[in-house]
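Shown next, in structure tokens, is the structure this report addresses.
Just so we're clear, the structure is a prediction, and the values are computed from it rather than from any experiment. Start at 1 and go down the list; that is how both ligands and their atoms are numbered.
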Amino acid sequence: MADLLEFHLADEAATARLAQRLAPHLQAGDVLALHGGLGAGKTTFARALISALRGVTTEVPSPTYTLVQTYEAGPLTIYHFDLYRLEDPDEVRELGWDETASGLALIEWPLKAGDHLPVWRLDLTLEQTADGRTARLEPQGEDWQARLHGI
Ligand code: ADP
Ligand code: MG
């Protein structure tokens with residue numbers, strides 16, 4: 001498997017389908033960094049992923065103001081961050097950042113976390129194109145190669 005997987009997402013439903021495909025490959029302790037500018041589809045992706053993991057359509061408001069929203073998916077706790085409004089990376093500590101290690105972290109605007117962003121993570125970059133979006137999945141770390149097999 002290549003280090004980088006690229007997908008063309010023609011519409012919002014395609015973004016949701018990619019999230020549904022990724023969901024079974026994720027587990028507690030994982031960090032999914034959602035890169036991309038405003039309107040790239042990060043929240044759309046997170047919404048579909050959270051619903052897929054919970055097995056039920058779930059209302060997932062953008063955490064723009066709350067900065068983090070948590071969800072339970074059976075034994076798994078999902079932490080959905082939007083760090084856009086963060087002024088200092090150290091502010092993540094006030095958001096319960098360290099507790100997220102036992103759950104699954106979905107992070108919009110991940111680079112705002114600076115050095116707090118774990119090195120071992122899955123990077124997903126969404127980009128607007130003339131005909132939808134492109135998604136680039138870049139595993140950072142050895143284990144992911146096997147974990148993402150067949151996606
Ligand atoms: P972000 O969280 O990155 O700011 P959002 O998830 O709020 O972005 O999405 C912005 C818009 O992009 C939404 O209106 C959504 O319907 C749309 N969108 C998501 N995926 C696609 C796609 N593959 N093609 C076209 N529009 C999309
Ligand atoms: Mg968003």
Side-chain angles (χ1 to χ4, degrees), residues 1-26 28-73 76-101 103-140 144 148 150-151:
M1 196 189 80
D3 287 342
L4 184 143
L5 297 166
E6 223 176 283
F7 305 86
H8 173 246
L9 308 171
D11 53 21
E12 180 172 347
T15 301
R17 279 197 302 275
L18 180 61
Q20 287 154 8
R21 278 167 61 185
L22 180 62
H25 297 268
L26 299 176
D30 288 347
V31 175
L32 176 63
L34 296 165
H35 302 268
L38 276 175
K42 302 180 297 296
T43 301
T44 304
F45 189 91
R47 189 170 286 139
L49 186 62
I50 291 164
S51 291
L53 288 166
R54 299 188 72 237
V56 49
T57 303
T58 302
E59 196 167 329
V60 175
S62 172
T64 312
Y65 294 100
T66 55
L67 303 187
V68 59
Q69 299 275 143
T70 63
Y71 302 86
E72 304 298 334
L76 179 70
T77 302
I78 305 165
Y79 300 88
H80 179 200
F81 291 93
D82 183 333
L83 304 181
Y84 185 68
R85 291 161 58 88
L86 220 63
E87 281 171 13
D88 184 307
D90 286 344
E91 288 172 35
V92 297
R93 293 216 181 93
E94 294 150 36
L95 301 175
W97 190 256
D98 295 335
E99 285 106 81
T100 64
L104 168 65
L106 312 177
I107 311 169
E108 300 187 38
W109 300 99
L111 300 184
K112 290 264 189 174
D115 292 342
H116 296 288
L117 185 65
V119 175
W120 192 86
R121 64 176 190 266
L122 188 59
D123 281 330
L124 178 73
T125 304
L126 292 158
E127 220 169 311
Q128 285 199 30
T129 62
D131 56 351
R133 305 285 188 274
T134 55
R136 282 201 323 274
L137 205 47
E138 293 171 83
Q140 312 287 340
W144 284 111
L148 292 176
I151 193 174

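Contact annotation: G39 has at least one heavy atom less than 4.0 Å from an atom of ligand 1. Within the structure, the closest approach of A46 to ligand 1 does not fall below 4.0 Å when heavy atoms are considered. Using 4.0 Å as the threshold, A13 has no heavy atom nearer than that to any atom of ligand 1.
Not a single N or O atom of G132, backbone or side chain, sits closer than 3.5 Å to an N or O atom of ligand 1.
The distance from ligand 1 to the heavy atoms of G37 drops below 4.0 Å at these ligand atoms: 3 (O). Residue L38 has at least one heavy-atom neighbour below 4.0 Å for each of these atoms of ligand 1: 4 (O). The ligand atoms of ligand 1 that sit less than 4.0 angstrom from a heavy atom of T44 are 5 (P), 6 (O), 9 (O), 15 (C), 19 (C). Taking every heavy atom of L9 and a limit of under 4.0 angstrom, the matching atoms of ligand 1 come to 22 (C), 23 (N), 24 (N). Every atom of ligand 1 is numbered from 1 in the order shown, and the set under 4.0 Å from a heavy atom of G41 is 1 (P), 3 (O), 5 (P), 6 (O), 8 (O), 9 (O).
Shown here for H8 and D131, the closest heavy-atom pair between the two residues is NE2-O, 3.1 Å. Contact record, L83 with A113: CD1-CB, 3.8 Å, taken as the closest heavy-atom pair. Summarising the geometry of A135 relative to L126, their closest heavy-atom pair is CB-CD2, 3.8 Å, with the distance given to 0.1 Å. Looking at every heavy atom in both residues, R133 comes nearest to G39 through NH2-O, 3.0 Å. Across all non-hydrogen atoms, the minimal contact from R85 to L67 is CB-CD2, 4.1 Å.
Of all the heavy atoms of E108, the ones lying under 4.0 Å from any atom of ligand 1 belong exclusively to the side chain. Within the 4.0 Å heavy-atom criterion, the part of A10 lying near ligand 1 is the backbone and not the side chain.
Using the six-membered ring where Trp is involved, W97 and H116 have ring planes that are perpendicular, over 60° apart on the 30 and 60° scheme.
More than 12 heavy atoms of other residues, nucleotides or ligands shown are found within 6.0 angstrom of CZ on F7. More than 12 heavy atoms of other residues, nucleotides or ligands shown are found within 6.0 angstrom of CG on D88. Sparse packing is recorded around CD of E127, with 12 or fewer heavy atoms of other residues, nucleotides or ligands lying under 6.0 Å away.
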Legend entry - Criterion side-chain hydrogen bond (donor to acceptor under 3.5 Å, both in side chains) on T43 and E108, from CA distance to verdict: CA-CA 8 Å; T43 301; E108 300 187 38; 2.8 Å; yes
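Of the protein's non-hydrogen atoms, the one nearest atom 7 (O) of ligand 1 is T43 CB, 4.0 Å. Remark: minimum distance from atom 18 (N) of ligand 1 to any protein heavy atom is reached at R133 NH2, 3.6 Å. With respect to atom 24 (N) of ligand 1, the closest heavy atom belonging to the protein is D11 CA, 3.4 Å. Of the protein's non-hydrogen atoms, the one nearest atom 14 (O) of ligand 1 is E12 OE1, 4.8 Å. Taking atom 20 (N) of ligand 1 as the reference point, the nearest protein heavy-atom neighbour is T15 OG1, 2.8 Å.
Formation of a donor-acceptor pair under 3.5 Å by the T125 side chain with backbone atoms of G36 is not found in this model. Of the possible polar contacts, one joining the K42 side chain to the G37 backbone as a donor-acceptor pair under 3.5 Å is found. When atom types are taken as modelled, the side chain of R121 and the backbone of Q140 share no donor-acceptor pair closer than 3.5 angstrom.
Distances shorter than 2.8 Å separate the Mg ion (ligand 2) from the protein N/O/S atoms T43 OG1, E108 OE1.
Between E91 and K112 no salt bridge is recorded (no basic side-chain N to carboxylate O distance below 4.0 Å).
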